[in-house]
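Quantities reported herein were computed from a predicted structural model and do not represent experimental measurements. For ligands, and for the atoms within them, numbers begin at 1 and follow the listed sequence. Numbers here are sequence positions counted from 1.
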Amino acid sequence: MTHSAPAAALRHYINGTWEEGTGSVLTSVNPARPGETVAHGPQASTEQLDRAVAAASAAARAWAGTPMHERGAILLRAAGILERDQERLGLELAREEGKTRAEAQGEVLRAAQILRYYGNEGDRSAGEVFSSPRRGERILVVRKPLGVVGVVTPFNFPIAIPAWKIAPALAYGNTVVWKPASTVPLLALRLAGALAEAGLPAGVLNLVIGPGSLGSALVEHPRLDGLTFTGSTGIGRRLAAAGAARGVPVQAEMGGKNAAVVLRDADLDLAAEQVLLGAFRSTGQKCTATSRLIVDGAVADYFLDRLRARLDAWVTGDPADDGVHMGPLINGAAADSVSAGVEAALAEGAELAYQGKAPGRADPDGGFFLPPTVLELPGDPAAGAANTAWREEFFGPVLSVRRAADAGQAFELANQSEFGLSAAVFTQDVTRVLDAVDSLDVGILHVNSESAGADPHVPFGGARKSGYGPKEQGGAAKEFFSHTTTVYLRGGNPG
Ligand SMILES: NC(=O)C1=CN([C@@H]2O[C@H](COP(=O)(O)OP(=O)(O)OC[C@H]3O[C@@H](n4cnc5c(N)ncnc54)[C@H](OP(=O)(O)O)[C@@H]3O)[C@@H](O)[C@H]2O)C=CC1
Ligand SMILES: CCCCCC(=O)O
C-alpha cells in the first residue's frame with residue numbers, strides 16, 4: 001500500500017521568516033520508492049547562511065537575557081505541537097528516512113520528550129554557591145550561554161538528534177544556526193516549524209538546508225561561538241579541528257562499531273531477541289546499533305540457531321506498511337557501500353552465517369533494500385581482528401560474529417575497536433556485570449538489553465573515536481552549551 005503525499009516545498013528559516021533558497025535544487029526521495037519525491041526546492045546559499053548567522057548574533061543578547069522559565073515555556077509548547085502532529089510526522093519520517101512507521105512515530109515522541117526535559121530546566125539548579133575563606137564573601141558559580149551555536153545533524157534520527165542539540169542550546173540561552181542532513185530536510189522543516197509556532201523570537205533559531213559544504217562554512221564563520229555535530233567520524237574530526245583552529249568549542253558524536261557480548265550463563269532467548277533488535281531495527285542505521293556479536297563458544301551454535309529462527313520472521317519492506325520490521329537504507333550509495341563491505345569481508349575469509357530476504361533493487365523504482373545479513377568471521381584471532389566487517393562501521397543491516405573461550409576473552413574482543421560508543425552484555429552473573437562495567441571502554445553500556453536506546457535525562461556519548469567533547473543529553477549538555485563564571489561576591493566592607 002502506498003502512502004504518497006504531494007512533495008513538500010523546501011524552505012529556510014532565517015530571522016523568523018520562511019524563505020526560498022537561492023542555491024541549487026535539492027530533492028529528497030522515499031528510499032523505499034525512490035521515484036517518489038518527499039521534499040523539493042532550492043538549497044540555501046552561503047549568502048543565506050551569512051544572514052542566518054547575523055540574525056542569530058543579533059538575537060543573542062535578548063535571548064540570553066530572557067528568563068530560563070520563559071525560554072523553557074516555548075520548548076514545552078513545541079513539545080505539545082509535536083505530540084499533536086505525531087501521526088503525520090511519523091509517516092513523513094518513515095517516508096523520508098526509511099525507518100518503520102512505529103519507530104518513526106516513536107522518534108517524534110522522543111523529540112517531544114527531549115523538548116519537555118529541557119523545557120523544565122528552569123526548575124533545576126542554575127549554578128553553585130561556595131563558602132569563602134574571607135569574611136563577608138560568598139563564591140558563586142553561574143552559567144552563561146556560548147552565544148551563537150552551529151548545529152550539524154545526521155540523517156538517521158532526523159528529529160530526535162536535532163532536538164537533543166537544539167533544545168539544550170536554546171534552554172541555556174544560545175541562539176542557533178542549524179544545518180540538517182540533505183537526505184532528510186522535511187523533518188527539519190517540521191521541527192523548526194513547531195518551534196516557530198511555539199513562539200520562538202525571530203533570529204533565535206535559523207534553519208539552512210544545504211550540502212555538507214554549508215556545514216563547513218558554518219564552523220568557519222567568524223561569528224560562530226560553538227558547534228555541535230553528529231555524524232561520521234571523518235567529518236566530525238575535520239570539524240573539530242576547524243573549530244579548534246578558531247578557538248571555538250566543538251562537540252562531536254560520531255561513528256560506532258558496537259559489540260554485544262553473550263556469555264554462557266545468559267538468558268539466550270532474551271539475548272537473541274535483543275541482539276536482533278539492536279542489529280536490525282532502523283536497518284542498522286544507528287550509531288548505537290549492534291554490529292559485532294561476541295558469543296561464548298560453549299553456547300554459540302545454540303544461540304546462532306535462535307537468532308536465525310528470529311530472523312526468518314523478520315520482514316523487510318516498505319516501512320510505511322504494517323507488519324514490516326525493517327525498511328531500506330537511506331540511499332543507493334549507502335546500500336552499495338554496505339554491500340561492498342560485505343563482499344570485502346567474505347573475500348577476507350568471513351562466512352555467510354545468515355542472509356534474509358529483501359525486495360529487489362533491480363527494477364527502476366526499486367527501493368534501497370538490503371537483506372539482514374550475519375557474517376561469521378574467521379576463528380583465527382588475527383584474521384578475525386583484521387576483517388573489514390570487524391573494523392569498519394558499515395552502518396547497515398550486517399552483524400559480524402566471533403566466538404570467545406570465556407568472559408575475559410569476550411571483553412577483550414569487545415574492546416578490540418577504535419570506536420567506543422555503546423555495548424551490550426548478556427549475563428546473569430553480577431560479577432561478570434561488574435567486570436564488564438570496569439573493562440569495556442564505551443560511553444554507554446546496556447546489561448541484558450540491546451546496545452541501542454538512550455534516555456534524555458542521562459548522559460549520551462562515546463569514548464575513543466566515537467565522541468569528542470562533552471557528552472550530550474541530561475545534565476551533561478550544559479557542559480557544552482554554557483560556560484561558567486566564578487563570582488567572588490563581597491557585600492562592601494568585610495566588617
Ligand atoms: N554518535 C552518534 O550519536 C551518532 C553518530 N552517527 C554517525 O553518523 C554517520 C551517519 O550519518 P550521516 O548523516 O551519513 O553522517 P555524515 O557525516 O555523512 O553527515 C552528517 C552531517 O554532516 C554534514 N556534512 C557532510 N560533509 C560535511 C563537511 N565537509 N563539513 C561539514 N558538514 C558536513 C552532512 O551534510 P549532508 O547530509 O548534506 O552531507 C550532515 O548534515 C555514521 O557514521 C553514524 O555512526 C549518526 C547518528 C548518531
Ligand atoms: C544514533 C543515535 C542513537 C540514539 C540513541 C539510540 O536510540 O540508540
Side-chain angles (χ1 to χ4, degrees), residues 23-24 26 28 43-44 49 97 99 103 106-107 110-111 113-114 150-165 178-185 188 207-221 227-243 250-258 277-278 281-291 329-331 333-334 337-338 392-396 419-424 442-444 446 449-456 458-469 471-473:
S24 56
L26 173 69
S28 72
Q43 300 181 92
L49 174 73
E97 193 274 343
K99 65 183 66 173
E103 287 177 78
E107 183 185 337
R110 181 173 187 177
Q113 189 188 14
I114 291 162
V151 176
V152 177
T153 50
F155 78 83
N156 62 332
F157 283 86
I159 194 168
I161 288 182
W164 90 37
K165 292 173 178 293
W178 172 25
K179 209 288 301 174
S182 304
T183 41
V184 286
L207 168 66
V208 286
I209 297 167
S213 54
L214 218 54
S216 290
L218 187 53
V219 74
E220 298 291 353
H221 200 289
L227 181 92
T228 178
F229 168 85
T230 292
S232 57
T233 296
I235 290 165
R237 288 186 147 183
R238 285 215 316 260
L239 292 177
V250 175
Q251 169 188 56
E253 282 306 328
M254 299 172 284
K257 191 71 182 181
N258 311 302
L277 297 177
R281 251 198 309 212
S282 290
T283 323
Q285 297 175 123
K286 290 180 183 176
C287 52
T288 48
T290 305
S291 52
L329 284 90
I330 185 66
N331 56 30
S337 169
V338 172
E392 301 298 327
E393 177 183 54
F394 284 5
F395 218 57
F419 294 106
L421 181 54
S422 178
V442 290
I444 299 159
H446 287 264
S449 64
E450 65 167 298
S451 64
D455 290 323
V458 292
F460 177 89
R464 300 184 172 185
K465 267 175 81 173
S466 295
Y468 179 91
K471 293 279 183 6
E472 301 196 277
Q473 299 213 126

Based purely on interatomic distance, does Arg110 place a nitrogen or oxygen under 3.5 Å from a nitrogen or oxygen of ligand 2? yes

Could you name the option among Ala452, Cys287, Gly453, Ala289 that has the heavy atom nearest to atom 2 (C) of ligand 2? Cys287

Residues two or more places apart in sequence or in another chain: which of them pass salt bridge (Lys or Arg N to Asp or Glu O under 4.0 Å) with Lys179? none

Please name the pair of heavy atoms, one in Gly256 and one in Ser466, separated by the smallest distance, quoted to 0.1 Å. CA-OG, 4.1 Å

Going by side chain to side chain donor-acceptor pair (under 3.5 Å), name the residues that satisfy it together with Lys471, two or more places apart in sequence or in a different chain. none

Are any of the side-chain heavy atoms of Lys465 and Arg237 separated by less than 4.5 Å? yes

Got a sec, which residues hit salt bridge (Lys or Arg N to Asp or Glu O under 4.0 Å) with Glu253, two or more places apart in sequence or on another chain? none

If we number the atoms of ligand 2 from 1 as shown, the ones under 4.0 Å from a heavy atom of Phe157 are 1 (C), 2 (C), 3 (C), 7 (O)

So, 4.0 Å and heavy atoms of Ile161: is ligand 2 close enough to count as a contact? yes

Any idea which residues sit under 4.0 Å from ligand 1, heavy-atom distances? Val152, Thr153, Pro154, Phe155, Asn156, Ile161, Lys179, Pro180, Ala181, Ser182, Gly210, Pro211, Gly212, Gly215, Ser216, Phe229, Thr230, Gly231, Ser232, Ile235, Arg238, Leu239, Glu253, Met254, Gly255, Gly256, Cys287, Glu393, Phe395, Leu421, Phe460

Considering the heavy atoms of Thr288, write down every atom of ligand 2 situated less than 4.0 Å from one of them. 3 (C), 6 (C), 8 (O)

Check ligand 2 against Ala454 and write out every atom of the ligand that is under 4.0 Å from a heavy-atom position of the residue. 5 (C)

Checking side chain to side chain donor-acceptor pair (under 3.5 Å) for the pair Ser451/Thr290: CA distance, chi angles, key distance, verdict? CA-CA 6 Å; Ser451 64; Thr290 305; 2.6 Å; yes

Nearest heavy-atom pair of Ala240 and Val250: which atoms, and what distance? CA-CG1, 3.8 Å

Assign the ring pair Phe155 / Phe395 to parallel, tilted or perpendicular, where the plane angle (0 to 90°) is split at 30° and 60°. perpendicular

Using heavy atoms and a 4.0 Å limit, tell me yes or no: is Phe395 in contact with ligand 2? no

With heavy atoms of Asn156 as the reference, note each atom of ligand 2 found under 4.0 Å away. 1 (C)

